[in-house]
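Right, one structure below, let's go through it.
These numbers were taken from a predicted model, which means no experiment stands behind them. Values below: every heavy atom of this structure, side chains too, minus hydrogens, waters and symmetry copies. Counting convention: from 1, in listed order, for ligands and their atoms alike.
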Amino acid sequence: MLYSEKVMDHFMHPRNVGVIENADGVGEVGNAKCGDIMRIYLKIDNDIISDVKFETFGCGSAIASSSMSTEMIKGKPLSDALALTNKAVTEALDGLPAHKIHCSVLAEGAIKAAIKDYYDKNGIEYDHNVFKDVEHEHSEE
Ligand code: FES
């Protein structure tokens, strides 16, 4: 079968879908390969992600990887969320087909963009290198 059971589970029953009103950080990225869009909402208390929700126009693989990534960062410090890679997400999903890897990058990018938004809104200093990809993607739009 093309997709693992975990991918199918997270696609059929995605966790953390929706919107957070008055979110502390919102991040949106577009996928250069397919044009799909992902938005992440974060609620942050004392550097901990107390809640996270996502909305996407992406495909099933994007939904599954967003669902998995939100589960992986919920309740975690921002530093953990910043360190999350799409590789870790696809591994947690027991893999994605090679031509679907670009879909899992959406979640990683949108999480970073949401954290950057939080830092910007609160005047918190940060290392711009960490957000290079996100800033790059935005300048391409
Ligand atoms: Fe666009 Fe998967 S094809 S996110």
If only protein N, O or S atoms under 2.8 Å count, total around atom 2 (Fe) of ligand 1: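 That number is 2, waters not included.
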
Any side-chain donor paired with an acceptor under 3.5 Å for D94 and S4?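 There is no such pair (donor and acceptor under 3.5 Å, judged by atom type) between the side chains of D94 and S4.
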
Less than 3.5 Å apart, which donor and acceptor atoms pair up between the side chains of residues 33-44 and the rest of the protein, not counting sequence neighbours?
from	atom 1	to	atom 2	distance (Å)
R39	NE	E28	OE1	2.8
R39	NH1	Y41	OH	3.4
R39	NH1	E55	OE1	3.3
R39	NH2	E28	OE1	2.8
Y41	OH	E55	OE1	3.0
K43	NZ	N22	O	3.0

Please confirm whether the backbone N or O of A107 pairs with a side-chain atom of S69, one donor and one acceptor, at under 3.5 Å?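 Here the side-chain-to-backbone pair does not exist.
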
How long is the straight-line distance from SG of C103 back to CD1 of I63, given to the nearest 0.5 Å?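 Interatomic distance, I63 CD1 to C103 SG, rounded to 0.5 Å: 10.5 Å.
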
List the residues meeting ring-ring contact (aromatic ring centres under 6.0 Å, His included) with F57, not counting sequence neighbours, and say none if there are none.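 With neighbours one apart ignored, the set is empty.
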
List the residues meeting side chain to side chain contact (heavy atoms under 4.5 Å, CB included) with E91, not counting sequence neighbours, and say none if there are none.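 Per chain and number, E91 pairs via side chain to side chain contact (heavy atoms under 4.5 Å, CB included) with K87.
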
